[in-house]
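Because the structure is predicted, anything quoted here is derived from the model rather than measured. Each ligand, and each atom within it, is numbered from 1 in the order the structure gives.
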Amino acid sequence: MSRVVGPGSTIGVLGVGKLGRMLAVSARQMGYRIAVFGGDRDSPAGQVSDLVWTGAFDDQDKLLEFAQACDVVTYEFENIPSDAAAAIDQQAALCPGVQLLQTAQNRFAEKTALSSIGLPTAGFRMVSSSEELASARADFGGHVILKANTDGYDGKGQWSVAPTTDVESLWNEAGLNDGIVEERIDFDFEFSIVAGRYADGTTVFFDPLLNHHANHILDVSVSAAPQVTESIANDAVEMARAVLEHFDVVGVLCIELFLANSGRLVVNEIAPRPHNSGHLTIEAYHCSQFELQLRAICGLPSVPLVRRAPAAAMANLLGQHIPDAWGGDNLSALKSPGSNLHLYGKPESRINRKMGHITITGDDPATVEREVRLAREALLQP
Ligand code: ATP
Ligand code: MG
């Protein structure tokens, strides 16, 4: 029997962003206390938490003090120094796992681990000079992507290296000591699987999410999109299961995949936590990705992931989608009974900053996708 961390206990979250906020809302509904680390009270998660610890992620003493105040600790932010993560784990179990966290922080380690368990990835190689970059480009088909090995998100720290790109000036501009070069995959579409595993080994999987990006940032996700056929979904679920089991995960993770033009499935990356593409599970399922994380890390009963609606779509709201003032027609998005507006309480809106999202549930994936895009456009109506 695994340990139960019951309602009334304190759940620690490393990070104070939107994912921590949505986990906190779910946890508070069930009577848990939430302590967040790494920002102030007026942060997306700080606003809805019981205890807020300011402090730096490299302040190991403070992190340990924080861990002592918690019954279980999870993270909504991957870039926690690995010795700090290990120290926290000694104090209060760090879910979904230190080894998973350390691997997912480092693209090379991540792709190496995926390959070692037989999962298909784009060809990849570490490079530390423009000459090595040029030779990797030649070996990987003439068009590659250079990525910073750590700290990247929303496409930051990535450079497309086309056959005609001047490799030397790109390398100098990137300013990396070393980086990972990936074969560029020509794909039909991108999708993700959000999955969870409980301490007793039970695994559960949300239906695949079809993901559309704009400017390298997730734009719209659709659940129950017909492009992701049952056979593709089954293969992807087995890949997610392999990752969950390999890392002995207790909690939630997401795997991002490409369906390559060749028909081959390719795993892009792992997020060791709830994922932006899974936000629509708040409305589309009886148990959301955040409740799943809570159930898994607290040793609560496992439940099958049962849908509330046959289809759902989510559109991210970046700074440029948010009106200067609320009122009038820009709230028409809320007229539809299936629409839900989420804002993360970020004090300052900036271009390309994730400020919130809209989810629309309904019967047909194409219809909800169209509606959610229209709802987002309506926010900017004068
Ligand atoms: P995020 O935080 O949004 O997940 P990230 O910065 O960690 O992004 P990736 O997921 O690796 O970066 O890449 C962002 C996007 O760039 C992918 O969703 C995909 O659209 C494109 N991309 C990344 N790697 C490849 C590749 N090898 N081939 C083709 N496209 C790619
Ligand atoms: Mg990604």
Examine distances only and state if a side-chain atom of [X] and a backbone atom of [Y] form a donor-acceptor pair shorter than 3.5 Å.
X	Y	value
N234	S231	no
R350	R353	no
D329	A378	no
E182	G123	no

(request) With H279 as reference, evaluate Q289, K18, H357, H342 under the side chain to side chain donor-acceptor pair (under 3.5 Å) test and give the passing residue. (result)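 Filter result, single survivor: Q289.
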
(request) Give me the one residue out of E190, E110, E256 that meets side chain to side chain donor-acceptor pair (under 3.5 Å) with N268. (result)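 By the side chain to side chain donor-acceptor pair (under 3.5 Å) criterion, N268 pairs with just one of E190, E110, E256: E256.
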
(request) Using the rule that two of Ile, Leu, Val, Met, Phe, Trp, Tyr join whenever any of their side-chain heavy atoms come within less than 4.5 Å, decide whether V5 and V250 are in one cluster. (result)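 Different clusters: V5 never reaches V250 through Ile, Leu, Val, Met, Phe, Trp or Tyr contacts under 4.5 Å.
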
(request) Examine V368 and L317 and state if one hydrophobic cluster contains both, with Ile, Leu, Val, Met, Phe, Trp and Tyr joined whenever side-chain heavy atoms are less than 4.5 Å apart. (result)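 Yes, it is one cluster - the side chains of V368 and L317 are joined through contacts under 4.5 Å.
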
(request) Flag this pair as yes if the NZ/CZ of R125 is under 6.0 angstrom from the six-membered ring centre of F140 and inside a 45 degree cone about the axis; otherwise no. (result)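 Yes, R125 sits over the ring of F140.
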
For ligand 1, which atoms sit closer than 4.0 Å to a heavy atom of [X]?
X	answer
F187	29 (C), 30 (N)
E183	26 (C), 27 (N), 28 (N)
K147	9 (P), 11 (O), 23 (C), 24 (N)
E256	4 (O), 10 (O)
R107	5 (P), 6 (O), 7 (O), 11 (O), 12 (O)
R184	28 (N)

(request) Mind checking whether I185 contacts ligand 1 via backbone (N, CA, C, O), side chain (CB onward), both or neither, at a 4.0 Å heavy-atom cut-off? (result)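 Both of them.
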
(message) One residue to check: Q158. Relative to ligand 1, which of side chain, backbone, both or neither has a non-hydrogen atom less than 4.0 Å away?
(response)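 Under 4.0 Å from ligand 1, Q158 contributes side-chain atoms alone.
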
Heavy atom of the protein closest to [atom] (residue, atom name, distance):
atom	result
atom 22 (N) of ligand 1	F258 CZ, 4.0 Å
atom 7 (O) of ligand 1	E269 OE2, 2.9 Å
atom 26 (C) of ligand 1	I145 CD1, 3.5 Å
atom 6 (O) of ligand 1	G155 N, 2.8 Å
atom 2 (O) of ligand 1	D154 N, 3.0 Å

(request) Evaluate the 4.0 Å heavy atom contact test for atom 15 (C) of ligand 1: does a protein atom fall under the cut-off? (result)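 Protein heavy atoms within 4.0 Å of atom 15 (C) of ligand 1 - there are none.
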
When only distance counts, is [X] in polar contact with ligand 1, meaning an N/O pair under 3.5 Å?
X	value
H275	no
A122	no
E190	yes

(request) Report yes if the distance between the aromatic ring centroids of F37 and F57 is under 6.0 Å, otherwise no. (result)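 Centroid separation for F37 and F57: below 6.0 Å.
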
(message) Measuring only between side-chain heavy atoms, which start at C-beta, is R137 closer than 4.5 Å to T165?
(response)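 Touching, per the 4.5 Å side-chain cut-off.
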
(message) side chain to side chain donor-acceptor pair (under 3.5 Å) for S116 and H246? Distances and angles first, verdict last.
(response) CA-CA 10 Å; S116 79; H246 175 73; 4.8 Å; no

(request) Considering just N/O/S atoms, say which atom of E269 is closest to the Mg ion (ligand 2). (result)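 The atom in question is OE2.
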
(request) For the Mg ion (ligand 2), find the closest N/O/S atom belonging to E256 and write down its atom name. (result)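 When I compare the N, O and S atoms of E256, OE1 is nearest to the Mg ion (ligand 2).
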
(message) When you measure from the heavy atoms of L218 to every atom of ligand 1, does any distance fall below 4.0 Å?
(response)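 No.
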
